[in-house]
K.L.:
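Quick one: this structure, given as structure tokens, is what I'll be asking you about.
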Amino acid sequence: MRVLLDEDIPVGLRLYFRSEVEVETVEYRGWKGLKNGELLRVAQRHFDVLVTMDDNLPYQQPVRQFDLAVAVLRTSSEALDDLIQVVPELERVLSRIRPGQVVRVFPAG
């Protein structure tokens, strides 16, 4: 599974995924500042899932038209400690998410 973390997610979150999940960041790829539509177009060539905190993205972009899925993290803040708590649930979602889908991921419990 190839996962791209959007620029609104701290880059350090990539260290908290299981080793079989290949995680890169928008910043590492040099894609920081791309508008959502262009980011989805570019990302679909290299990744299976875009992980973001931008809950508006699915309303602004026709995600079904892209060959990748979008996972929207719903935590109490963008702090790394809060985001780490949602990684186990995100990894469960990654096992079943399909291209064109949008899934909102909440902390377990």
Side-chain angles (χ1 to χ4, degrees):
M1 176 66 59
R2 297 165 302 155
V3 173
L4 179 65
L5 300 181
D6 201 358
E7 64 185 74
D8 59 353
I9 296 179
V11 297
L13 187 66
R14 66 184 168 71
L15 303 174
Y16 292 89
F17 288 81
R18 294 186 316 247
S19 61
E20 59 267 18
V21 180
E22 181 184 325
V23 182
E24 290 187 38
T25 65
V26 167
E27 185 172 346
Y28 176 80
R29 278 286 179 151
W31 297 341
K32 194 170 182 179
L34 288 181
K35 300 292 183 192
N36 287 337
E38 183 61 22
L39 178 60
L40 290 169
R41 275 189 286 287
V42 173
Q44 73 181 343
R45 296 184 208 129
H46 306 279
F47 296 94
D48 302 304
V49 180
L50 171 67
V51 177
T52 186
M53 293 192 72
D54 183 356
D55 199 35
N56 291 319
L57 185 145
Y59 302 108
Q60 297 168 345
Q61 298 299 321
V63 176
R64 290 185 190 155
Q65 296 178 6
F66 295 97
D67 191 27
L68 84 161
V70 174
V72 180
L73 303 185
R74 305 296 294 149
T75 58
S76 58
S77 79
E78 294 180 13
L80 183 57
D81 288 341
D82 288 334
L83 292 168
I84 291 168
Q85 302 303 313
V86 80
V87 169
E89 183 61 24
L90 175 58
E91 287 181 330
R92 282 189 282 280
V93 167
L94 292 177
S95 69
R96 65 182 189 272
I97 198 168
R98 299 289 174 253
Q101 282 186 310
V102 175
V103 177
R104 285 169 180 79
V105 183
F106 297 85

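Note that these values count all heavy atoms, side chains included, but never hydrogens, waters or copies made by symmetry. Positions are given from 1 along the sequence.
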K.L.:
Tell me, do Met53 and Ile9 make a side-chain contact under 4.5 Å, heavy atoms counted?
P.N.:
yes
K.L.:
May I have all residue pairs that pass side chain to side chain donor-acceptor pair (under 3.5 Å) and include part of residues 22-31, sequence neighbours excluded?
P.N.:
Glu24-Arg29
K.L.:
For the hydrophobic clusters of this structure (ILVMFWY residues joined by side-chain heavy atoms under 4.5 Å, transitively), does one cluster hold both Leu94 and Leu68?
P.N.:
no
K.L.:
Closest heavy-atom contact between Val63 and Pro58?
P.N.:
CG2-CA, 4.2 Å
K.L.:
Any side-chain heavy-atom pair from Val72 and Leu57 closer than 4.5 angstrom?
P.N.:
no
K.L.:
Is there a side-chain contact between Val86 and Ile84 in this structure, where contact means two heavy atoms from C-beta onward sitting under 4.5 Å apart?
P.N.:
no
K.L.:
Are Tyr59 and Leu50 co-members of a hydrophobic cluster defined by side-chain heavy atoms under 4.5 Å apart?
P.N.:
no
K.L.:
Which atoms form the tightest heavy-atom contact between Leu90 and Ala71, and what is the distance?
P.N.:
CD1-CB, 3.8 Å
K.L.:
Could you pull out all residues at least two apart from Val23 that satisfy side-chain contact (heavy atoms from CB on, under 4.5 Å)?
P.N.:
Val3, Leu5, Arg14, Phe17, Val21
K.L.:
So which pairs with a foot in residues 59-86 pass salt bridge (Lys or Arg N to Asp or Glu O under 4.0 Å), sequence neighbours left out?
P.N.:
none
K.L.:
If you look at every heavy atom in Leu83 and Thr75, which pair is closest and at what distance?
P.N.:
CD2-OG1, 3.6 Å
K.L.:
Side chains of Val70 and Val49: closer than 4.5 Å at any heavy-atom pair?
P.N.:
no
K.L.:
Is the side chain of Glu7 donor-acceptor paired with the backbone N or O of Gly33 at a distance under 3.5 Å, no angle test?
P.N.:
yes
K.L.:
What residue pairs, at least two apart or across chains, pass salt bridge (Lys or Arg N to Asp or Glu O under 4.0 Å) with a residue in residues 90-105?
P.N.:
Arg18-Glu91, Asp55-Arg104, Glu89-Arg92
K.L.:
For Asp48, enumerate each residue passing the side-chain contact (heavy atoms from CB on, under 4.5 Å) test, keeping only those at least two apart in sequence or located in another chain.
P.N.:
Met1, Arg2
K.L.:
Would the distance check show the side chain of Asp8 and the main-chain N or O of Asp54 forming a donor-acceptor pair, the cut-off being under 3.5 Å?
P.N.:
yes
K.L.:
Nearest 0.5 angstrom please: Asn56 CG to Asn36 CG, how far?
P.N.:
9.0 Å
K.L.:
My understanding is that only residues two or more places apart in sequence, or in another chain, count here; which of them pass side-chain hydrogen bond (donor to acceptor under 3.5 Å, both in side chains) with Glu38?
P.N.:
Arg41
K.L.:
Would you give the length of the straight line joining atom CG of Leu39 to atom CG of Leu34, rounded to the nearest 0.5 angstrom?
P.N.:
6.0 Å
K.L.:
Atom CG of Leu40 and atom CD of Gln60: how far apart are they, to the nearest 0.5 Å?
P.N.:
10.5 Å
